[in-house]
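A, B, ... follow the sequence lines: proteins, then strands. Residue 1 opens every chain. We use all heavy atoms of the structure for the numbers below, so side chains are in, but hydrogens, waters and symmetry mates are not.
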Amino acid sequence: MAFRGIYRFSNMAVGLRVFGNAAKMRRFSISSALHEPRLFRFPMRWSQTFIPTMKEVPAEAEVPSHQLMLRAGMIRQLMAGAYTWLPLGYRAVRKVSEIVRQEMDRAGAVELFMPALQPIEIFERTGRRDAFGNVLFNFEARRGDRKLHFALGPTHEEVITDLMARHISSYRQMPITLYQIQTKFRNEERPRFGVLRTSEFLMKDAYSFGTSLEQLNTAYDAMYNAYCRIFERCGLKYLPVEAESGPIGGDASHEFMVPASNGEDFVIHCPACSYAANQERAETGRKSILPTPVTNAPAPALVPTPDAGSIEQVSKLLKSSPQAFIKTLIYKADGKPVAVLLRGDHTANEGKIRRAAKATSVELADEATILQVTTAPVGFAGPIGILCPCLIDHDVANISSAIVGANAKDAHLTGVIPGTHFPVTETFDLRNAEAEDPCPRCSDTLRMVHGIEVGHVFKLGTKYSVSMDARYVDAQEVSHPIIMGCYGIGVTRVVASIVETCHDENGIIWPLSVAPCSVMLIPLNVTDPEVMKVSERIYQELTDAGVDVLMDDRDQRPGFKFKDADLIGIPLRITIGGKGLAEGIAEVKWRGSAETMKPAIADTTAFVREQLAGRS
RNA sequence: CGGGCUAUAGCGCAGCCUGGCUAGCGCGCUUGACUGGGGGUCAAGAGGUCAUGGGUUCAAAUCCCGUUAGCCCGACCA
């Protein structure tokens, strides 16, 4: 009862002081407890804590982690996208947080704590009020006769860059990396999968500040390596993958993905050479093969396709598969229209299109532009006779006879031969990579897996330092913008990912490092004085030894307790029952193993400590 | 933000189509007895504004309209 002890202490120490001071004292006590190993444990009697387990699966939970976290009494939903962490679940959150904290500290980052409540103005300075759009929670509040406009921080680049802009003036003050573990707020359009995707979640975010690319790379590598250690220690299988840096800006980033069938992200990887990237970023090893023009080829046939503008509609109408289509998408690259040709079943990749077009921004063209370059409404664009340059994907050149839009309303062309009926002088990689594509780095083929993004590292560069005016002077008194990086880990998402990947049909199987507690002690019959005497002794001995123990002291039948024990998944289970007692033994079993070990009652505490030491 | 589904006891559900007595069932909960090594048995109980506002009707959980909330698919997503 470490925390009960602390509360009692702080209450005594504070006495009847005013509320604010009491609150401050209490907070201080708790945070110092986090760094005091002897206090960081979880001896608990089930009957005195709050672990509301459920036999049945709540209807709203679909994925295993959501179901199990609800059933195991770890979380409860308050509203869509917001969950209460119950004692058991919060314990796991704290275990993960502590691992993150230790590895951040080891990597030389320093912890601070920034406000979740932020003025909207800082998001206007960086242009991210628009970039985030509806995802940014923001609201007005009155103070006297003034009206203030706030945001709830979705991340903290603005706050920390503003802070550093005020305090860094010289190259001598860098490099430095700062981090915090804080609640983040994002107005998710569609929260789902329990705690995997919420509008309020706990995140570790770190920011590096340096004077050179070398310093940035050093900080980046330190964070990258720390992340590997963190996920390793959390017992997660993970994959660092190359990633686009997205709206946050910058030019280099990796995502840390946990392979899981319910993951929302797609990871492309090569089993042979360990190339891995998210689908947005992944290259393909496809080669450009230019088609040779066919002589005497019949002219394409014009077929009417009334009101059928999508590939799906036209393929149904013409009874042909999407692979036979050439999809013609009109983009605007830096404002100038360009047609992008893809095979009908492929998905455009705007990053690749932007690079192929040598543009700084691309976006899908508006209807007016489409009408202008195709002389037809949306849905009937094609390469023949189009009034803008074409960018052609590698796979388009391989289609021997294609269906394309006719650049006329309600009409398509069939029998179109690339290179013959329209020019193909150069082809590009313009689409999302898919399974079975050739690897860009070796001769093997790519695989695709689902993944949960648990961490992300970015080289930001000067995007925020420029817009927030965070500058320093070098040894020659020349002023430069600070070079930044940012590094996030979704702490609560890590917990959910662990549950998502570590369970069986009976419940959770916690890795020891992040388990809410290490040992589950089950006195089978609490009305048997001998069973209770032995159990109490072991409970006390383990607690004194600094082991987190949960004792199921409820007056329930054995089967009931075993089921609950399996469900909440505490790694090591000690059973004290009449049968074992008669033989003078306890039963000790790892949650993930079928083997039951039988140490003598007197040796049980030592035996358990050895078992735990052997696994940590 | 588009499309779909749902809302009845703490959890899972039936009842609704075809309006009609006191709204049921399983689990859980309370009390008692039995029981005691993988969610036990028996008995007696408690617990419901049938999401919400309106309408139709002699009568609405049930039919109609609105609202709210939740879930699923898609779009979006540092």
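- Using a 4.0 Å cut-off between charged side-chain N and carboxylate O, A:R591 and A:D504 make a salt bridge.
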Less than 3.5 Å apart, which donor and acceptor atoms pair up between the side chains of residues 565-590 of chain A and the rest of the protein, not counting sequence neighbours?
from	atom 1	to	atom 2	distance (Å)
A:K589	NZ	A:S593	O	3.0
A:W590	NE1	A:Q611	OE1	2.7

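- Within the 4.0 angstrom heavy-atom criterion, base atoms lie near A:F201.
- Atom CE in A:M520 sits roughly 16 Å away from atom P in B:G38 (whole-Å rounding).
- Pairing partner, B:U30: B:A44, with both Watson-Crick or wobble hydrogen-bond distances short of 3.5 Å.
- The residue A:R573 sits close to a base: some heavy atom pair falls under 4.0 Å.
- A:G578 comes within contact range of at least one nucleobase, with a heavy-atom separation under 4.0 Å.
- Annotation: of the two residues near RNA chain B, A:E188 and A:L581, the 5′-most nearest-nucleotide partner is A:L581.
- Rounded to whole Å, the C1' atom of B:U30 lies 31 Å from the corresponding atom of B:G70.
- Annotation: B:A75 and B:C13 have their P atoms spaced 28 Å apart (nearest Å).
- We find that CD of A:E587 is positioned 12 Å from P of B:G37, with the value rounded to whole Å.
- Separation of the C1' atoms belonging to B:G4 and B:U41 is 45 Å when rounded to the nearest angstrom.
- Residue-level contact check: A:D564 touches the bases, meaning some heavy atom is under 4.0 Å from a base atom.
- For the residue pair A:Y227 and A:H254, no side-chain donor N or O sits within less than 3.5 Å of a side-chain acceptor on the partner.
- Contact annotation for A:P154: no contact, since no heavy-atom pair falls under 4.0 Å across all strands.
- Base pairing of B:G12 is made with B:C25, judged by Watson-Crick or G-U wobble geometry with both donor-acceptor distances under 3.5 Å.
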Protein-to-nucleotide contact annotation, 5' to 3' order, nucleotides 26-31 of chain B [B base; S sugar-phosphate only; - none; under 4.0 Å, heavy atom]: BS----
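- Contact annotation for A:G488: no contact, since no heavy-atom pair falls under 4.0 Å across all strands.
- Listed by first and then second residue, the side-chain hydrogen bond (donor to acceptor under 3.5 Å, both in side chains) pairs that reach into residues 69-81 of chain A are A:Q77-A:Y83, sequence neighbours excluded.
- Straight-line distance from the CG atom of A:L524 to the P atom of B:G38: 9 Å, rounded to whole Å.
- We find that A:E124 and A:R129 are joined by a salt bridge, their nearest charged nitrogen and carboxylate oxygen being less than 4.0 Å apart.
- Side chain to side chain, A:T126 and A:E158 meet the donor-acceptor criterion of an N or O pair below 3.5 Å.
- Spacing between B:A14 and B:C27 at atom C1', rounded to whole Å, works out to 15 Å.
- For the side-chain hydrogen bond (donor to acceptor under 3.5 Å, both in side chains) test, residues two or more places apart in sequence or in another chain that qualify with A:S65 are A:E500.
- Atom CG of A:L567 is separated from atom C1' of B:C11 by 14 Å (rounded to the nearest Å).
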Nucleotides 70-75 of chain B: which of its N/O atoms have a protein N/O under 3.5 Å away?
from	atom 1	to	atom 2	distance (Å)
B:G70	OP1	A:A80	N	2.9
B:G70	O3'	A:Q77	NE2	3.4
B:C73	OP2	A:R190	NH1	3.4
B:C73	OP2	A:R190	NH2	2.1

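- Nucleotide B:G36 forms no Watson-Crick or G-U wobble pair with any nucleotide shown, as no partner meets the under 3.5 Å limit on both distances.
- Picking from B:G39, B:U35, B:G38 the nucleotide with the shortest atom distance to the side chain of A:R71 gives B:G39.
- Within the 4.0 angstrom heavy-atom criterion, no nucleotide atom of any strand lies near A:N187.
- Neither side chain, A:T198 nor A:E200, offers a donor N or O lying under 3.5 Å from an acceptor on the other.
- Nucleotide B:G2 forms a Watson-Crick or G-U wobble pair with B:C73, both donor-acceptor distances falling under 3.5 Å.
- A:D566 comes within contact range of at least one nucleobase, with a heavy-atom separation under 4.0 Å.
- Checked against the 6.0 Å centroid threshold, A:H450 and A:F266 count as a close aromatic pair.
- Taking atom P in both B:A69 and B:G28, the straight-line distance is 34 Å, to the nearest Å.
- Of the C1' atoms belonging to B:C29 and B:A9, the separation is 11 Å, rounded to the nearest Å.
- In this structure, B:U67 and B:A51 make a Watson-Crick or G-U wobble pair, each of the two defining distances being under 3.5 angstrom.
- Separating the P atom of B:G10 from that of B:U68 is a span of 25 Å, rounded to the nearest Å.
- Partners of A:N349 by side-chain hydrogen bond (donor to acceptor under 3.5 Å, both in side chains), not counting sequence neighbours, listed by chain and number: A:N432.
- Checking B:U62 for Watson-Crick or G-U wobble geometry (two distances, each under 3.5 Å) identifies no partner in any strand.
- The same atom, P, is picked in B:C21 and in B:U62; the two are 13 Å apart, to the nearest Å.
- Judged purely by distance below 3.5 Å, without hydrogens or angles, the side chains of A:H66 and A:E60 never pair a donor atom with an acceptor atom.
- In this entry the distance linking CD of A:Q279 with C1' of B:C76 reads 16 Å, nearest Å.
- At whole-Å resolution of the value, CD1 in A:I75 and C1' in B:C11 are 15 Å apart.
- The shortest side-chain heavy-atom distance between A:L86 and A:F50 falls under the 4.5 Å cut-off.
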